[in-house]
J.: 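The structure under discussion is supplied below as structure tokens; questions concerning it will follow.
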Amino acid sequence: MLLDGKQLSVEILNSVKRKLAGKKRKVGLAVILVGAHPASVAYVRQKKLAAEKVGFAFHEVKLPISVSEARLLRAIEKLNCDKKIHGFIVQLPLPKKIDTRKVLAAIHPAKDVDGFHPLNFGRGFLQLPALLPATPAGILKLLDFYKIPLKGQDVCVVGHSNIVGKPLAMLLLNRDATVTVCHEFTKNLKVHTKSADVVISATGVPNLIRASMLKKGCVVVDCGGVKIKNKIVGDIDFDSVKKIARAITPVPGGVGPMTVATLIENTYFASQNNFEFL
Ligand code: GUN
């Protein structure tokens, strides 16, 4: 079974569009992009297309790669105070000289539609109302849509980044999965992936997960995607794994569109003052 994130994302975008039909006030989404990293430029373009599709006003704040941390923090403060902006994100990664943690903590939590602010992260962990990170939340939506069970299942998350692996592990734990988090320092990755009912990989290492590392009939989710010779290659060796997995996400067309759709949904929720208490 192919877990089609593209199709589900279109349904989510249509549902947001329907909710906005006939409303005069435009929902405003902004993205701060520092520099012109090709992958980041491509992601921002997809976010812009989705935002415009549902009828949001999309604002792109482009800053040079040489931007100072102080200048970036000022741009964030401006968006925090802008009544026309209901949600915004800072596209990652940022240049090394900038303290990403400080930048993410400067975003007003009620406008933090990427769910990266410590308050949203912590509230999400405690199952309190919060804006949840788009990629992990999008993956759960996709698994729920295809009725993949999580409760009591052995789920192996590969990758422990702050944007995918860590928040995903927390959301899975909150769904009563038995979660193992592997990463680049894990001694023997195969030991963990081989026994898992669900494997979710978010490393950016092309074809890291091969069929020999998996249990027959498992479910596999690929959050990777790097461009190699004009082709996007995920973390999962799709051609071999599709023969033994019960369900698998394609790259592209799996997790990527779900991330974008969840960002749009988060922005809609933020625009309804759902998080004003934050
Ligand atoms: N870079 C890679 N994925 C993401 C994401 O979901 N949000 C942001 N802001 N940057 C990213």
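Counting starts at 1 for both ligands and their atoms, following the listed order. Numbers for residues simply follow the sequence, beginning at 1.
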J.: Return yes when atom NZ of Lys17 has more than 12 non-hydrogen atoms of other residues, nucleotides or ligands closer than 6.0 Å, and no otherwise.
T.: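 Not buried by this count: 12 neighbours or fewer within 6.0 Å.
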J.: Salt bridge check, Asp237 against Lys242: does any charged N sit closer than 4.0 Å to a carboxylate O?
T.: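 Answer for the salt bridge query: no.
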J.: Is there a side-chain contact between Thr249 and Val220, using heavy atoms and a 4.5 Å cut-off?
T.: no
J.: Check Glu69 with Lys102, please: is the shortest side-chain N to carboxylate O separation under 4.0 Å?
T.: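 A salt bridge is present here (some side-chain N lies under 4.0 Å from a carboxylate O).
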J.: Ignoring hydrogens, what is the shortest heavy-atom contact between Phe145 and Glu11? Give both atom names and the distance.
T.: CE1-OE1, 4.2 Å
J.: Looking only at atom types and distance, does a side-chain atom of Lys215 sit under 3.5 Å from a main-chain N or O of Val198, one as donor and one as acceptor?
T.: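 Absent.
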J.: For ligand 1, what N or O to protein N or O distances fall under 3.5 Å?
T.:
from, atom 1, to, atom 2, distance (Å)
ligand 1, 1 (N), Gln91, NE2, 3.3
ligand 1, 1 (N), Leu92, O, 3.0
ligand 1, 7 (N), Asp114, OD2, 2.9
ligand 1, 9 (N), Val90, O, 2.8
ligand 1, 9 (N), Asp114, OD2, 2.6
ligand 1, 10 (N), Gln91, NE2, 3.2
ligand 1, 10 (N), Leu92, N, 2.9

